[in-house]
Amino acid sequence: MKKLLTSLSLSMALLAGGPAIAQQATESVDKESYSDPASAGTQKTNYNDAELKQFVEAQSGINEIREDYMKKIESSDSQENAQELQMEANDEMVTVIEDAGLDIPTYNAIATAYNSEPRVRNRVDALM
């Protein structure tokens with residue numbers, strides 16, 4: 001169930017540009033089952049270098065998945081096939097994030113901080 005909710009939360013990520021998964025992903029998640037610290041205003045922004053390096057590693061993998069699956073989805077012959085491809089991509093994105101050593105809420109919080117906090121954005125950009 002948790003993996004399904006996570007996949008659903010990342011459904012829009014495939015179509016989103018840059019590290020903006022957090023903003024769109026949390027819109028589709030049941031508010032009772034998932035708390036987004038960024039949107040609640042309780043987001044920490046003092047991430048250590050290890051967390052930011054994990055984010056950069058995950059973001060790199062997500063960008064590759066997004067590019068690969070966008071082509072597949074665009075050339076899909078049916079809406080059903082496109083949805084299946086999107087779910088596959090979402091599962092791969094979850095795996096990439098977890099393999100980088102992050103959980104989904106932390107990844108999303110860092111992505112939101114990247115988009116809204118110049119200090120975080122500068123630190124992440126320096127690690128890329």
Side-chain angles (χ1 to χ4, degrees):
M1 180 70 171
K2 183 178 179 183
K3 188 132 183 161
L4 175 62
L5 286 175
T6 301
S7 291
L8 291 174
S9 73
L10 292 174
S11 292
M12 299 183 93
L14 186 59
L15 303 175
I21 289 176
Q23 294 169 343
Q24 295 170 338
T26 58
E27 293 173 6
S28 64
V29 177
D30 179 2
K31 296 291 184 189
E32 294 177 18
S33 65
Y34 177 81
S35 174
D36 179 14
S39 65
T42 60
Q43 171 185 350
K44 81 172 195 172
T45 58
N46 58 338
Y47 299 102
N48 62 45
D49 285 346
E51 290 171 313
L52 296 180
K53 286 177 185 177
Q54 291 169 319
F55 174 80
V56 168
E57 178 184 336
Q59 187 60 37
S60 174
I62 285 173
N63 286 338
E64 289 175 19
I65 292 167
R66 184 174 37 245
E67 287 175 23
D68 183 41
Y69 275 89
M70 283 296 290
K71 293 172 188 171
K72 291 177 183 179
I73 290 170
E74 288 173 358
S75 64
S76 177
D77 57 354
S78 71
Q79 180 67 25
E80 183 178 288
N81 186 23
Q83 288 175 341
E84 289 174 14
L85 289 169
Q86 188 170 4
M87 290 304 291
E88 283 178 29
N90 289 339
D91 289 344
E92 287 187 32
M93 288 180 189
V94 168
T95 300
V96 164
I97 292 169
E98 290 173 347
D99 286 351
L102 294 173
D103 58 32
I104 302 304
T106 301
Y107 173 86
N108 285 341
I110 294 172
T112 298
Y114 178 88
N115 288 321
S116 63
E117 298 286 333
R119 183 177 53 83
V120 173
R121 181 177 28 259
N122 292 338
R123 289 181 61 208
V124 169
D125 288 348
L127 294 171
M128 290 184 169

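Quick note: residue numbers are just sequence positions, from 1.
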### Query
If every non-hydrogen atom of M93 is compared with every non-hydrogen atom of I65, which pair is closest and at what distance?
N-CD1, 3.8 Å

### Message
Quick check: closest heavy atoms across D49 and L127, and the distance to 0.1 Å?
### Response
O-CD1, 4.3 Å

Once rounded to the nearest 0.5 Å, what's the spacing between atom [atom1] of [X] and atom [atom2] of [Y]?
X    : Y    : atom1 : atom2 : answer
L52  : E57  : CG    : CD    : 13.0 Å
R123 : E51  : CZ    : CD    : 9.0 Å
L85  : E80  : CG    : CD    : 11.0 Å
Q54  : T106 : CD    : OG1   : 9.0 Å
I73  : Q83  : CD1   : CD    : 10.0 Å
N63  : D68  : CG    : CG    : 12.5 Å

### Message
Assess whether a salt bridge exists between D125 and R121, defined as any Lys/Arg side-chain N lying under 4.0 Å from an Asp/Glu carboxylate O.
### Response
no

### Query
Taking it one step at a time, do E92 and T95 satisfy side chain to side chain contact (heavy atoms under 4.5 Å, CB included)?
CA-CA 5 Å; E92 287 187 32; T95 300; 5.5 Å; no

### Task
Output all residues satisfying side-chain hydrogen bond (donor to acceptor under 3.5 Å, both in side chains) with S76, sequence neighbours left out; order by chain, then residue number.
N81

### Message
Counting only heavy atoms not in K72 (residues, nucleotides, ligands), do more than 12 fall under 6.0 Å from its NZ?
### Response
yes

#### Entry: S75 side chain vs K71 backbone, donor-acceptor pair below 3.5 Å
yes

### Task
Would you please say whether a donor-acceptor pair under 3.5 Å links the side chains of Y114 and Q59?
no

